[in-house]
Structures are given as structure tokens and as C-alpha cells.
> 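My questions will all concern the structure given below.
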Amino acid sequence: MIRSGLAAVAAVAALACDEGLQPQPIPTECPAGFVGACGTVHLRGTIPANTDGVFIIAYRTFPQTCDEIPDFVPFPPPRVPLGDTVATYTLPLPDGRYEWIVAAWKKIGTLTLTVADTALLREAGFYRDPPGSSTPGAITVSGTGVDSVDVVVDLDNLHPITDYLTCTVR
Amino acid sequence: MSRRIGALVVVLAAALPITAAAQEHAVVFGAVRDSAGAPIVGAEVHEVRSALTTYTDAVGRYRLAAVRAGAIRLRASRIGYRGPVERTAVLAASDSTQLDFVLVPLALQLTQVTVVDKGPSRIVADAVTSVAVIDDEGLARRAAVRVDEAIDRAPGVQLLNGQINIRGSTGYAQGINSRVLLLVDGVPANQGDRGGISWDLVPIDDIERVEIVKGAGSAQYGSAAVGGVVHLVTREIPTGWHGHVRATGSAFADPGHPEWQFRDSPGWRGGLDASSGYGAAAVRGRVTGGGYHSEGYREQDARDFWHVAGRLDWDASESGRLQVGGSWAVDDYQVPLSWCNVGQCDTHGQDYLPFQIDIQERGATTRSQKGYASATYATRGVRTDWLARASWIRTEFTDHRPSADDHSLANRYGFELRTVSRPNGSRTVTVGAEGSLSDVDSDIFATHRQGEYAAFGESQQRAGSVRLTLGARIDFLAVDGGSLTAVVSPRVGAVTQSRGGIWRASVGRGFRAATLAERFVSTSAVGIPVVPNPGLTYETAWSFEVGNTLAIGRDALLDAALFWTEASDLIEPALDTAGGAHIQFRNVTRARLAGLDAALSAAPFTPRLKGTVAYMFLYTRQMAHDTVPEQPLAFRPRHLLTLSADYGVGPASVGADFRYSSRVEHIELEQLVAAGYVDGRRVAASVLDLRAAWRQGPWTVRVLVANALNYAYNLVPETLAPVRTGTLSLTWAY
């Protein structure tokens with residue numbers, strides 16, 4: 001019985017040594033074990049009144065037709081925090097090559113994952129390589145996180161998808 | 001840490017009252033025997049008001065020579081026996097009175113027995129599955145203001161943000177369902193709209209004991225009992241004037257890390273409860289009232305609560321009693337909702353702040369009102385008992401949030417007719433009919449009603465040392481006056497005694513009807529629409545259990561059970577990305593829950609030191625469906641360990657509870673976590689509670705330091721569990 005009691009005390013001590021929730025600074029790179037893209041979002045401009053949110057999405061290839069617009073990953077996409085001028089994000093992605101990492105501004109309304117969503121969505125910024133250029137940067141995910149996939153979001157310059165391809169909202 | 005606790009004990013010890021009033025005394029004596037008439041050696045006999053304690057001698061006798069004259073409450077208990085059993089009497093000065101007790105061996109709690117004065121309810125006596133009972137001392141020593149705080153450490157039981165799990169039954173769905181049925185003095189009391197449990201419905205000081213029946217109970221109690229039953233048994237009303245006043249004060253610790261500091265001084269909670277009653281030979285009544293204010297342990301966590309309750313008993317005849325009871329409670333509280341992540345508040349460079357909230361939710365409040373009224377008339381005869389009852393449960397809440405206001409008003413009307421006959425000494429037959437009608441009027445659940453009507457029967461047959469139970473219940477469900485759906489819930493069980501202890505085995509089918517909230521909810525969660533599913537059907541589960549209760553020597557008792565549940569059509573929230581992203585409750589899951597639930601209670605060195613080790617191993621699997629792979633069920637920890645110890649010397653006692661809950665492997669809607677909509681971080685829980693009590697005459701002082709290590713943890717996403725809380729309660733009883 002004494003042995004049992006000591007064993008119980010030892011078990012309590014071992015279990016109580018678990019640290020529990022701990023403070024954690026904002027990560028500057030992808031967490032360990034994460035698979036996808038990570039980076040910062042620099043916010044510029046004024047948040048429109050009818051804003052539902054800004055989301056980061058990825059396309060394996062740049063959409064060529066209207067029907068390819070809903071072909072982004074992941075779903076649901078991560079929402080960009082709008083409280084600070086600089087925020088970090090993580091974008092979980094399956095392994096593969098992605099040609100367009102884009103910040104999509106969404107107006108208040110329900111998405112249907114059809115072409116009709118183009119009425120609710122605007123391109124607010126995208127990952128550029130090299131930074132500052134107009135060239136979309138491509139990334140390759142291979143079982144780990146890809147760091148420094150940074151995006152500048154300019155809320156004063158939101159672009160409809162029709163700036164990139166001819167698309168009629170049906 | 002130890003220095004802080006030591007200082008606290010010194011401060012609290014200095015605050016203990018000293019009473020030394022001269023008393024007029026009387027003598028009480030008697031014997032403690034088991035149900036076969038054999039004397040019980042070493043049973044503890046305790047007088048509650050004067051805190052006098054003695055133990056029975058070698059022939060089971062006891063004597064208390066200095067009991068204060070007046071009304072006394074005497075309790076007898078012994079490890080390995082059901083109890084404590086309580087008797088009351090009124091003693092004149094210099095008087096002497098004999099009070100004998102019969103204690104039922106714990107294993108025999110599973111048999112139909114009659115004990116002196118008080119004993120297990122029908123719910124426990126008829127059980128063929130595992131039972132946990134928390135008596136009023138067990139409730140009181142937690143110094144709790146709500147009953148869920150007091151039962152959270154029961155073996156195999158875990159509360160997730162107020163949602164009860166018995167052997168992992170319910171999981172967590174933000175209070176929108178419960179796979180556990182709440183009974184208040186035998187009356188079903190789950191909410192009419194959400195099916196959940198309002199733990200503040202009954203004042204905790206009115207509760208004499210809590211009986212927790214594990215495993216499927218639908219064969220007796222219908223929907224919601226699929227995962228077990230929690231039965232709140234309110235106190236009997238003794239003769240003469242009686243009552244108590246309890247003052248409680250608590251202080252919440254600061255966050256354990258400077259990065260999380262969010263206010264300049266610790267928060268506090270203070271409350272006052274009072275109860276008074278009078279009992280005559282035929283009529284007895286009691287009223288209870290009270291309330292408390294809490295600043296909470298987090299940002300925007302304040303709460304104002306008050307309640308009233310009453311009970312009236314009328315012994316209409318020698319064998320018939322009418323019991324009328326009811327309560328009303330109002331809870332105004334700020335809503336902390338989810339903790340703050342980057343972008344939701346100024347995190348000062350931190351990834352998250354568990355004590356602070358999303359600034360978009362600042363100012364959110366909820367007003368919750370709830371109450372019940374019930375009337376039960378029961379007669380007890382030599383061969384036949386009758387019972388008739390009617391009940392009304394009303395719940396209402398109004399959410400005031402910056403984004404939207406929500407409101408729901410629900411009623412649940414119930415009735416039952418039941419007869420228990422004993423055609424001979426070895427058979428008991430129970431037959432009855434039960435019904436309930438729930439309605440809701442809400443902007444998020446719309447306006448709907450649901451009827452549940454049932455007939456049930458059960459036969460218990462003794463054959464030698466074996467008791468066999470065979471029963472079934474058929475429920476008819478109807479929503480909005482539509483066609484009836486029938487559900488049959490059979491159960492068979494056996495209990496037998498041998499040299500290897502008391503063995504029990506049972507197989508039963510349980511079910512749970514979809515709640516009106518699950519079926520008709522229309523709202524949004526983390527920005528994604530939650531849409532109704534009127535076609536939602538009931539869920540079912542087959543539960544198996546084999547258990548053994550074994551006395552080990554004179555001072556230890558081991559109870560262990562293997563359980564296995566196969567569930568079908570479990571109702572869970574599902575994220576659908578086709579045809580517009582939305583969340584909907586669906587019958588999507590076939591699941592399995594299996595494991596071991598064991599508890600060892602012992603008084604290894606002295607009867608004054610009692611300890612319990614309880615462990616539950618839980619294996620859960622949600623079977624693959626659609627595109628979802630096989631995975632653990634959400635919000636079910638694999639390991640649940642509870643250690644308890646209490647030591648008493650005269651009027652003083654100290655004790656401790658330790659609860660370890662392993663890290664939850666899987667949470668609901670992992671896709672939302674992966675996408676960053678929900679912060680899925682979580683840890684194992686290691687919580688140590690310390691307590692002390694001192695009884696002196698009519699006064700009782702209790703100290704509880706809950707979560708003494710100030711361990712920061714969460715059981716559900718983005719919701720910090722309570723921090724270290726020091727509570728001092730002072731009770732005066734008359």
C-alpha cells in the first residue's frame with residue numbers, strides 16, 4: 001500500500017510537471033511540422049465598410065477561365081487579421097507547385113464556390129517574386145513549410161478578377 | 001508555491017471562528033449492522049451539527065455522550081458500504097436515545113433494498129451498470145456555487161465548458177446537445193430547445209446527493225439518457241425549524257505569466273445563500289434563495305446570478321406523499337467567447353492572449369433565465385407502489401452581441417405514470433408511461449415543437465444470488481405535429497455475488513432524439529453559415545458493460561468496469577464545401593467508444609484517512625464516412641486520472657483532489673483549425689485542488705484552493721479553463 005501511495009505521488013508529480021499553455025511570441029517562420037506557405041501580410045489603405053474579410057488562397061496554375069476561379073486551395077482559406085498593419089499567416093497546402101498566392105478581399109455575402117463568387121471577391125494583393133515586381137511568385141511545397149511568402153495588401157486598390165481574364169458573372 | 005500555500009493556510013486558520021458556548025447535552029447510542037443483520041465494526045458515526053464522531057466497537061455498537069440537545073443529524077458510514085445513511089432525532093437535555101443503522105454493502109447497491117430512513121433512489125437501486133454517488137459532504141467540500149463544479153471530479157466524469165461527458169458520451173458542441181439526462185428528484189430537466197443541462201437550475205445547498213448512472217439508460221429514461229443519467233436528489237425536510245446561511249468569497253489568481261497580465265488587481269467572487277424550512281408531522285416546506293457576483297478570471301467575464309427555490313411535502317396518508325418543488329434562476333453574464341489571437345486585439349507581440357478576447361466581441365452579454373416546477377404524488381404499498389408526476393421546465397436566453405442579438409424561449413412539459421409491483425419476494429415489475437412536449441420560439445431556432453411519448457416496462461427477478469433485469473421502452477417522436485417515429489430501447493442485465501465480489505453485466509440500446517436546436521439552428525459560426533437540417537433523425541447506441549466490485553480486506557474496495565458502445569447516426573456538425581460553404585448538423589457518424597473505468601477506495605492506515613484512485617482509459621473511433629477518414633472522436637481524452645485523499649481529525653479535515661486529463665487528440669471541424677479560423681492549440685490538464693474544513697457547533701468553515709498550481713489549460717478551443725481560485729465559505733446551520 002505504501003508503494004502504491006508513493007507511486008501515486010510520483011505519478012502526480014510527473015503529470016503536474018506538464019507545462020500547460022505557455023506564452024508564445026508571434027512566429028516569424030513556419031511552425032515545426034507545418035506543410036504549406038507562411039509569411040507576412042502588410043496592410044495598406046482603408047478597410048472598406050462592406051468588408052467581410054481578406055483571405056489568402058493559392059492556385060496551382062494561374063486561372064485561365066472563369067470556371068477555374070473556384071479551384072483554389074485550401075478551403076476554407078485562412079483569414080488575414082485586420083487589426084494590425086502587419087500580420088502573419090500560415091497557409092496549409094498539399095505538396096506541389098503553386099503559381100499564384102493571392103490575397104482575396106471578400107465583400108459581405110455568402111460564397112457559393114461558383115463563378116458567381118466573382119461578384120463578391122477582389123484581388124487585394126499577391127506574392128511577388130522578386131518583391132516589388134509585378135510578377136507573381138511561384139512556390140513549391142514539399143513536405144515542409146515555405147517561409148517568407150510575403151504579401152502586400154492595398155485595400156485602396158482592389159482589383160476585380162476581370163482585370164486578369166474575361167469573365168462574365170452568371 | 002509551497003510558501004504561498006502555507007501562508008494562505010496560516011491566514012485562513014487565523015480567520016477560523018472559535019465558539020465555546022456552554023451546551024446542554026444528551027446521549028445517543030445504538031448499533032450499525034449490515035442488511036443481513038451482522039454487526040459492522042469500525043463504522044464511523046458522525047453528528048453533523050456538533051461535529052462529534054465515534055466508531056462502532058467489536059459488536060457494532062456506538063455511543064456519543066456529549067451531543068448538544070435539540071435536533072440532531074446522525075450519519076453512519078463505512079468504506080465498502082453504501083452511504084452515509086442519515087437519521088434525525090430531537091433530543092431533550094439529559095435525554096438518551098437509541099438510533100440504529102443499517103448499511104448496505106456497496107456492491108449490493110445494485111439490488112433492490114430498503115434501508116433505514118434514506119438510501120439509494122430507485123435509479124441507483126435498479127441500476128445494472130456502474131454508479132457513482134456524491135453525497136452532500138462530497139458536494140460541500142468542493143465549496144462550489146454550482147453543482148457541475150462539484151461533480152467534475154467524479155470517476156469517469158468530465159465537464160467540458162459545462163457540457164457533461166460520462167465515459168466520453170457527449171463530446172462538445174457549445175451546449176447545443178447532451179447525451180446525458182438530468183433528473184431532479186426523478187423529473188427530467190434537460191432544456192427544451194438545446195437539450196443541454198442548466199447546472200444552476202437547482203441550488204447546490206438544496207442537493208443532498210448526486211447519483212451518476214453510467215451507460216445507456218434509455219430503456220428506463222428515454223432520449224438523452226443514451227450516455228448516462230445524472231440524478232440530483234434534493235434534501236429531505238426534517239421536522240421542526242431548520243435552515244442555514246452560507247457566505248462565500250473567492251479570489252482569482254493573476255495569470256501565471258507576465259505576458260498575459262490584463263488587469264491591475266485580482267478578480268473576486270462573493271455570494272450569499274440562505275435556506276429556511278419547517279417540518280410538521282404531515283406537512284413540510286423549505287425556501288432557498290441567494291446569489292453571487294463574480295468579476296471572473298478573464299477579460300469580460302463578469303457575472304451576476306441569483307436564484308430562489310422551494311419545496312413542499314405533504315404526507316397525504318400513511319402511504320402517500322405529494323411533493324411539489326420548483327426554482328427560478330437568473331444569470332446575467334458577460335460573454336468571453338474565444339480568446340484573442342493575432343489581429344483580434346493588441347497582443348503585444350504574442351501569438352495569442354488566453355485571458356483577453358477579440359475586440360469585436362467586447363460588450364457581449366447574455367441574460368439567461370431558467371426555472372422548473374414539478375409535482376409528484378407517490379404511494380407505497382406492501383405489494384404495489386404508484387407514482388404520478390407533472391413537470392414544467394422553462395429556459396430563456398438573450399444574447400446581446402455587437403454583431404447580432406439572439407433570443408430563445410423554450411418550454412418542456414412532462415408527465416409520468418408508473419407502478420411498481422412486487423408480486424412475490426423475488427420479483428419486481430415496473431410499468432409506466434411517460435411523455436414530454438418541448439416547444440421553442442427563437443430567432444435562431446425558429447418556432448417549433450417536439451413531442452416524445454413512451455411506454456416502458458421492466459422486470460427484476462431474483463434467482464439465488466443472481467438478480468436478472470429485463471426491460472424495454474418504446475418512444476414515439478413527432479416534430480411539429482408530423483408523423484410518429486418509433487424507437488425501441490431494450491436492456492438486459494444481471495448482477496450476481498460470488499467470492500470474487502459482485503459481478504454485473506448488461507447490454508442496452510440507447511437513443512437520443514435530435515434537439516430542436518440541432519434540427520433548426522440558423523446562425524453563423526466563425527463567419528460560416530450554420531444551416532438547418534429538418535431531416536435530422538435520432539441517433540442510437542448499443543452499450544455493453546461488465547463490471548466487478550470487490551472488497552479487498554476490511555479497508556479497500558475496488559470497482560472496475562469494461563465498457564463498449566457502438567453508436568450509429570451520431571449527430572455532429574459537418575462542414576460542407578459543396579453548393580456554398582456551410583455548417584450543418586448531420587447523422588454522419590458511426591462511432592465506437594470502449595474502455596476501462598476503475599476506482600479503488602481505501603482507508604489504508606487509519607479510518608481517518610480515506611483515499612481514492614480512479615482511472616478511465618477511453619478508446620474512441622469515428623468510422624470513416626464520405627471524405628472523412630477514420631479518426632478519434634472529438635473532445636474525448638484517452639486518459640482520465642483522479643486521485644483524492646481526505647484526512648479528518650475531530651472537527652477538522654483536510655483533503656486534496658488531483659485530476660489529469662490527457663490532451664484531446666481530435667477536435668471538431670479540424671478544417672477550420674487548419675485554416676486558422678479556430679486556434680486549435682490545446683494541452684493536457686493537470687489540476688490540483690486543496691481543501692480544508694472545520695466544524696464547530698453550528699458553524700462550518702471551508703477553504704478550497706482550486707487549481708492550486710495555477711495550471712493554464714483549455715479543454716475546448718480558445719477557452720481558458722479556470723485559474724487558481726481560493727474560496728472561503730462560512731456556513732451557519734440551525
Side-chain angles (χ1 to χ4, degrees), chain A residues 1-2 4-5 7-9 11-28 31 34-36 40-41 43 52-57 70 73-93 106 108-114 116-117, chain B residues 255-260 341-347 349-354 358-360 526-529 555-556 575 577-582 600 602 604-605 611 613 641 643 645 656 658 660 662-663 671-672 674-677 681-688 709-714 720:
Chain A
M1 190 56 73
I2 293 174
S4 302
V9 171
V12 169
L15 294 170
C17 286
D18 190 301
E19 292 184 329
L21 293 168
Q22 297 291 315
Q24 185 176 331
I26 297 172
T28 55
F34 178 80
V35 179
T40 59
V41 176
L43 289 166
D52 182 14
V54 175
F55 303 86
I56 303 290
I57 55 180
V73 289
F75 191 89
R79 183 186 291 261
V80 175
L82 300 179
D84 298 327
T85 54
V86 181
T88 60
Y89 77 90
T90 55
L91 184 68
L93 296 170
K106 179 181 170 296
I108 292 173
T110 302
L111 290 177
T112 59
L113 294 186
T114 65
D117 291 341
Chain B
H257 302 282
E259 296 91 334
W260 292 346
N341 288 93
V342 170
Q344 297 172 338
C345 69
D346 183 358
T347 62
Q350 292 294 305
D351 198 33
Y352 74 115
L353 293 177
D358 185 343
I359 56 174
Q360 293 184 1
V526 293
I528 298 176
D555 301 315
L575 176 65
T577 58
H582 60 270
L600 173 66
F605 308 113
V613 179
L641 174 69
L643 307 177
F658 177 78
Y660 169 78
S662 61
R663 182 179 182 273
Q671 298 144 283
L672 297 178
Y677 282 72
R681 83 185 75 211
R682 54 198 183 271
V683 296
S686 299
V687 184
L688 176 67
L709 302 176
N710 206 17
Y711 186 85
Y713 67 104
N714 63 320
L720 183 71

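Proteins come first, then strands; the chains are lettered A, B, ... in the order of their sequence lines, and each starts at number 1.
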> Checking B:Arg681 now: which residues fulfil side chain to side chain donor-acceptor pair (under 3.5 Å) with it, not counting sequence neighbours?
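Only A:Gln24, B:Asp351, B:Asp679 meet the side chain to side chain donor-acceptor pair (under 3.5 Å) criterion with B:Arg681.
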> Please classify the contact of A:Phe55 with chain B as side chain, backbone, both or neither, using a heavy-atom distance under 4.5 Å.
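For A:Phe55, the contact with chain B is made by the side chain alone.
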> Heavy-atom pairs under 4.5 Å with chain B: which of A:Gly53, A:Pro25, A:Pro23 has the most?
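With the most close heavy-atom pairs to chain B, the winner is A:Pro23.
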> Excluding sequence neighbours, so at least two apart, what forms side-chain contact (heavy atoms from CB on, under 4.5 Å) with B:Ser662?
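Listed in chain order: B:Pro637, B:Arg638, B:His639, B:Tyr660.
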> Given that the side chain runs from C-beta out, which part of B:Leu353 has a heavy atom under 4.5 Å from chain A: side chain, backbone, both or neither?
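Contact with chain A: none, neither part.
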> Show your reasoning for whether side-chain contact (heavy atoms from CB on, under 4.5 Å) applies to B:Tyr352 and A:Leu21.
CA-CA 11 Å; B:Tyr352 74 115; A:Leu21 293 168; 3.6 Å; yes
> Could you look at B:Glu259 and say if it's the side chain, the backbone, both or neither that has a heavy atom under 4.5 Å from chain A?
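For B:Glu259, the side chain is the part near chain A, not the backbone.
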